[in-house]
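Here's the structure we're looking at; comments come further down.
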Amino acid sequence: PAEPTLVLRLKFLNDTERLARVRPGDTVGALKRTYFPGQEQQVRLIYQGQLLRDDTQSLAGLHLGHLSVLHCHLSPPSATPTAPGSPGPRSPAPAALGVGSLALPLFVLLLALLWYLQLQHRHVFTATATTCLAGLTLLVTFVAFAMYRR
């Protein structure tokens, strides 16, 4: 007698679903090869909160029922290693400059200008203004070290 087939629901992160017809004797690896050809290494299948790591495990061993849901996560393909002597991958394009990446250099430039004015025109700056300028300089210094230490 022919082995009965099961219909499984493959549910993706974007809430789309795909139906898969399998036999209980099929393995997790066979399911990946059939429904994700060429992406077997990038697909992660999750059943009842458990990641299905063993590609040799049979679907019957998972006690899957008709219309059971397998959650699917497709990770982006990893960079393939290049053979020796062949040109390596091109370096990635520099990230676009955003306002966030320019904020700290602008603050430093503004602080340098304020310190220059404080040294050249002491009579304009009160003791409170000089103390606030020193505190702000200290704060920006800590932020700069925290950002660029990574």
Side-chain angles (χ1 to χ4, degrees), residues 1-117 128-150:
E3 194 175 16
T5 61
L6 289 173
V7 176
L8 301 177
R9 294 170 47 205
L10 303 177
K11 188 166 184 163
F12 297 88
L13 292 176
N14 61 1
D15 281 336
T16 59
E17 283 190 19
R18 190 170 158 191
L19 296 178
R21 291 193 174 280
V22 297
R23 291 186 305 272
D26 290 347
T27 63
V28 173
L31 175 70
K32 287 181 182 180
R33 282 188 300 278
T34 304
Y35 289 93
F36 305 96
Q39 297 177 310
E40 296 92 348
Q41 298 303 317
Q42 287 98 26
V43 70
R44 301 283 179 261
L45 298 175
I46 300 162
Y47 178 62
Q48 293 183 339
Q50 298 296 317
L51 178 64
L52 304 180
R53 288 189 171 96
D54 185 7
D55 283 353
T56 61
Q57 185 175 21
S58 73
L59 299 176
L62 296 170
H63 307 292
L64 295 168
H66 185 67
L67 293 178
S68 291
V69 176
L70 284 176
H71 294 273
C72 304
H73 175 262
L74 280 170
S75 53
S78 60
T80 56
T82 56
S86 66
R90 292 178 31 204
S91 62
L97 285 178
V99 175
S101 64
L102 295 176
L104 190 63
L106 287 175
F107 277 129
V108 170
L109 188 63
L110 181 64
L111 279 175
L113 176 67
L114 286 173
W115 276 111
Y116 172 78
L117 291 173
T128 304
T130 304
T131 304
C132 288
L133 183 59
L136 188 60
T137 303
L138 195 60
L139 177 68
V140 169
T141 303
F142 284 133
V143 169
F145 278 113
M147 281 179 60
Y148 293 110
R149 190 169 64 165
R150 289 185 235 169

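Here, residue 1 is the first one in the sequence, and each next residue gets the next number.
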Under a 3.5 Å distance rule, please check whether [X] uses its side chain to pair with a backbone N or O of [Y] as donor and acceptor.
X	Y	value
Thr16	Phe12	no
Tyr35	Arg21	yes
Gln39	Pro37	no

Please report the shortest heavy-atom distance between [X] and [Y], naming the atom on each side.
X	Y	value
Ser58	Pro24	CB-O, 4.1 Å
Cys72	Leu45	SG-CD2, 3.5 Å
Val69	Tyr47	O-CD1, 3.4 Å

Measuring from [X]:[atom1] to [Y]:[atom2], what's the distance to the nearest 0.5 Å?
X	Y	atom1	atom2	value
Leu109	Leu114	CG	CG	10.0 Å
Ile46	Leu70	CD1	CG	9.5 Å
His63	Ser68	NE2	OG	11.5 Å
Trp115	Leu136	CH2	CG	10.0 Å
His66	Arg9	NE2	CZ	10.5 Å
Leu52	Leu64	CG	CG	8.0 Å

- Matching residue for Val22 among Leu31, Thr27, Thr5 - test: side chain to side chain contact (heavy atoms under 4.5 Å, CB included): Leu31
- Query: What residue among His71, His73, Arg44 forms side chain to side chain contact (heavy atoms under 4.5 Å, CB included) with Leu51?
  - Reply: Arg44
- So do Val28 and Asp54 actually touch side chain to side chain, heavy atoms under 4.5 Å?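 Counting from C-beta outward, Asp54 and Val28 never come under 4.5 Å.
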Count the heavy atoms of every other residue, nucleotide or ligand shown that sit under 6.0 Å from [atom1] of [X], and state whether that count exceeds 12.
X	atom1	answer
Glu17	CD	yes
Glu40	CD	yes
Phe36	CZ	yes

